Amino acid sequence: MTSHHRREATSDSETEPSRRLFMKAAAAGVPIAFAGCLGGDDDDGNGNGNGKGNGVGDETEVDTDDSDATYGGEVLWGGSVPVQSLDPHFESAAASARVLENITQGLTRVNWEYEVEGLLAESWETSEDNTELTFNIRQGVQFHDGTELTAEDVYASFNRIEEQQGLAADYMALVDSMEVVDDHTFEMVLSEPFAPMLSRMATSHMHIIPAHQADENEVDEPIGTGPFEFESMELDSEFVMVGFDDYWDDDLPYLDKVTKNEISDDDNRLNTFNAGELDFINGVPPRHAEDLEDDPDIDFIRRFPQSLTYLGLNCNEEPFDDIDARLALDYAIDKQEVMEAALYGQGQVATSPAAPGSEWEHPDLQPRPQDYDLAQEHLEAAGYPDGFEVTFQIPEQYNDQVTAAQVIESQAAQVGIDLNIQLITWSNWLSDVYTDRDFQATTSSYLALWFPDAGFHRPFHSDGAFFFTGWEDEEYNDLVDEARQYYEMDDRAPLYHDAAEILQERRSGHILLYWMPTLMARTHDFQGEVMSPDGSTFRFENTWME
């Protein structure tokens, strides 16, 4: 007998991640990957993106040929940030996404052509008005506990996200109803056309778990359909996942096991790798990049960009509630000098939330230049002719941000702006700066994802999931909201261009500093493409040990 469900959307949606998530993360010291999504929202609604790459992958062509792959073996991975929690619907830390990508899966996934393609959904159909989505669920897929994937699991997973206010709850708020048509057919009806939905489904925040696990308030050991299954975890020490023998793609994975050793200290991690105790490390310190590139015994990998680092200003508190005070600080900063010092030249100065080389990047926008005379003029206009003094709270474990803050402090002092640096833990950043918004100036970063909704809506829109600086602009909000309804990038890109101009001209609460790359190193024995196409996470399914 076919089971049917219909769930009507509530009228109000909590667009911020739940306080439960952030307080839990703060207590554990978990780095939150703001806008931590995968996939792309330039989909045309029929399972085919516009098929245009955006230049945000590697600087060289990516080799995905696995014809020489061999089976078996273990990869010893030295990770830069420890895995803390594994609930895919609530955990937004980049470290967790990097392992969940291999354990749980979504209906869709982004491919190397930057298109959204089917994963657990073999295909889907869209109504003419782009509001009805009918998914054909892949048959013969097993969860790691041996149960078979059905449309019931899809329904239960999405319902959990909406009812428990998971990280994708703001997207689920646009769902009018969901229905299990039969075991392998799932229907979703949207309240309006919403281009980012298929892309959001590609993120771990909308991955599918079995219905019986979706009933749980917290997921400690995720049961997924991915090529690897969770085996064990020692907090801040080790994470282990093993190849799933009954994975639905019979050819994958090649590896038997991936063991992640949690080594937060940059130099310790690199030294352990150089001593031959690891096969692969991420988070290579930028100051060592050139040396590793020249080492013939090491495969050095650069993927650009990984994340966007910014200076955040509290627009609800003095002095930065005044646009002239914000502009004065902006004009005091030489962003090229900041980037060179923080990343040893490995990054790129940022001009907008649009990923460099993307179709929605503004073609003419330039960073605001350092100009001490203009900085002084804006100080006088703000009523601070002799400058002002503020606290500058910096998460201490991010070496590049600490260095960047020191350079900015020195530059700002030239016009009388006294930035008192306070190094704080990441958990304190989450609780004090982000959640309680008890700050004046700070730095942080979010993943440099290749689709525009992540960059333009979540941090900057006043209803965005990761909005916290207090800067609100109705015209900006309207532009970004309108862009979400267009499925063709030719229609959407001009709106993002206008939005980028507003962010700069009206000096939003984010002074964008630089894009930084993912820097990795591995032995020549570890083969295959480990980085995901959008640069945000890792995929071990097509990697092997020679």
Side-chain angles (χ1 to χ4, degrees), residues 31-36 92 94 304-315 320 323 325-327 329-343 347-356 361-362 365-368 370 390-395 397-409 411-412 419 421 424 426 429-430 433-434 437 439-449 452 454-462 464-473 476 480 499-517 536:
I32 296 294
F34 295 119
S92 63
F304 183 81
Q306 176 204 25
S307 59
L308 172 59
T309 298
Y310 61 88
L311 194 167
L313 307 176
N314 191 339
C315 298
F320 296 122
I323 185 176
R326 302 195 299 271
L327 284 168
L329 179 56
D330 198 3
Y331 274 116
I333 301 171
D334 182 335
K335 293 148 184 94
Q336 182 70 26
E337 183 181 0
V338 172
M339 185 275 292
E340 292 284 348
L343 300 181
Q348 178 178 318
V349 173
T351 58
S352 84
E361 182 184 30
H362 196 300
L365 197 64
Q366 297 296 320
R368 182 166 278 118
Q370 185 184 61
V390 297
T391 58
F392 195 17
Q393 294 172 285
I394 311 299
Q397 78 272 33
Y398 291 104
N399 294 331
D400 68 291
Q401 292 181 37
V402 173
T403 302
Q406 292 167 344
V407 175
I408 293 169
E409 177 191 40
Q411 294 173 346
L419 299 174
I421 294 177
I424 60 176
W426 184 252
W429 191 95
L430 285 172
V433 176
Y434 180 81
R437 303 185 183 182
F439 76 103
Q440 290 179 294
T442 189
T443 60
S444 191
S445 63
Y446 56 84
L447 289 177
L449 301 169
F456 280 89
H457 188 276
R458 310 195 84 198
F460 296 97
H461 192 291
S462 54
F466 300 128
F467 174 84
F468 78 102
T469 63
W471 178 81
E472 298 189 49
D473 188 282
Y476 177 87
V480 175
E501 291 178 8
I502 289 176
L503 289 174
Q504 188 179 88
E505 291 170 1
R506 301 177 190 177
R507 191 53 283 146
S508 75
H510 289 60
I511 296 178
L512 305 182
L513 298 176
Y514 51 79
W515 297 97
M516 64 184 299
S536 69

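Predicted model, so just to flag it, every value in this text is computed and none were measured.
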Residue set satisfying side-chain hydrogen bond (donor to acceptor under 3.5 Å, both in side chains) with D330, at least two apart, ordered chain then number -> K335, R368, R507

On a heavy-atom basis, the closest approach of A354 and E361 is CB-CA, 3.5 Å

Within-4.5 Å side-chain heavy-atom neighbours: T443 and Y398 | no

Inset, instruction - Please check if the side chain of R326 supplies one atom and the backbone of F320 the other of a donor-acceptor pair under 3.5 Å. - result: yes

Check: How about W429 and T442: does a side-chain donor come under 3.5 Å of a side-chain acceptor?
Finding: yes

Does a side-chain heavy-atom distance below 4.5 Å link L503 with L512?
no

Sorted by chain and residue number, the ring-ring contact (aromatic ring centres under 6.0 Å, His included) partners of H510 (sequence neighbours excluded) come out as Y310, F460

Residues passing the side-chain hydrogen bond (donor to acceptor under 3.5 Å, both in side chains) test with E505, sequence neighbours excluded, are none

One should read off an interatomic distance between L430 CG and I424 CD1, to the nearest 0.5 angstrom, of 9.0 Å

| field | Heavy-atom side-chain proximity of L419 to V390 below 4.5 angstrom | value | yes

Quiz item: Do T309 and L343 have side chains that get closer than 4.5 Å, going by heavy atoms?
Solution: no

* Asked: Do Q440 and T391 have side-chain atoms, one donor and one acceptor, less than 3.5 Å apart?
  -> yes

Residues at least two apart in sequence or cross-chain that pass ring-ring contact (aromatic ring centres under 6.0 Å, His included) with Y331, listed by chain then number, are H378

Heavy atoms of A350 and L308 approach each other most closely as CB-CD1, 3.3 Å

Note: S352 and L365 closest approach over all heavy atoms is CB-CD2, 4.3 Å

Rounded to the nearest 0.5 angstrom, the CD-CD distance for Q411 and Q370 is 5.0 Å

Under 4.5 Å between any side-chain heavy atoms of Y514 and D400, yes or no?
yes

So NE2 of H457 and OG of S462: to nearest 0.5 Å the spacing works out to 8.0 Å

d(I502 CD1, D473 CG) to nearest 0.5 Å is 5.5 Å

What one should report as the nearest heavy-atom pair of Q401 and S445 is NE2-OG, 3.8 Å

For V349 and P367, the nearest pair of non-hydrogen atoms, with its separation, is CG1-CG, 3.6 Å

Residues passing the side-chain hydrogen bond (donor to acceptor under 3.5 Å, both in side chains) test with E501, sequence neighbours excluded, are H362

Check: F439 and N314 side chains under 4.5 Å, non-hydrogen atoms: yes

(request) Using modelled atom types only, decide if a donor and an acceptor are shared between the side chain of Q348 and the backbone of P517 within a distance under 3.5 Å. (result) no

Distance col, row R437:CZ vs T469:OG1, nearest 0.5 angstrom, shows 8.0 Å

Between the CD1 atom in I394 and the CG atom in N399, the distance rounded to the nearest 0.5 Å is 12.5 Å

Which word best sums up how the rings of Y434 and F468 line up, parallel for under 30°, tilted for 30 to 60°, or perpendicular for over 60°? tilted

In short, Y446 meets P353 closest at the heavy-atom pair OH-CB, 3.8 Å

ring-ring contact (aromatic ring centres under 6.0 Å, His included) filter on Y476, not counting sequence neighbours, yields W471

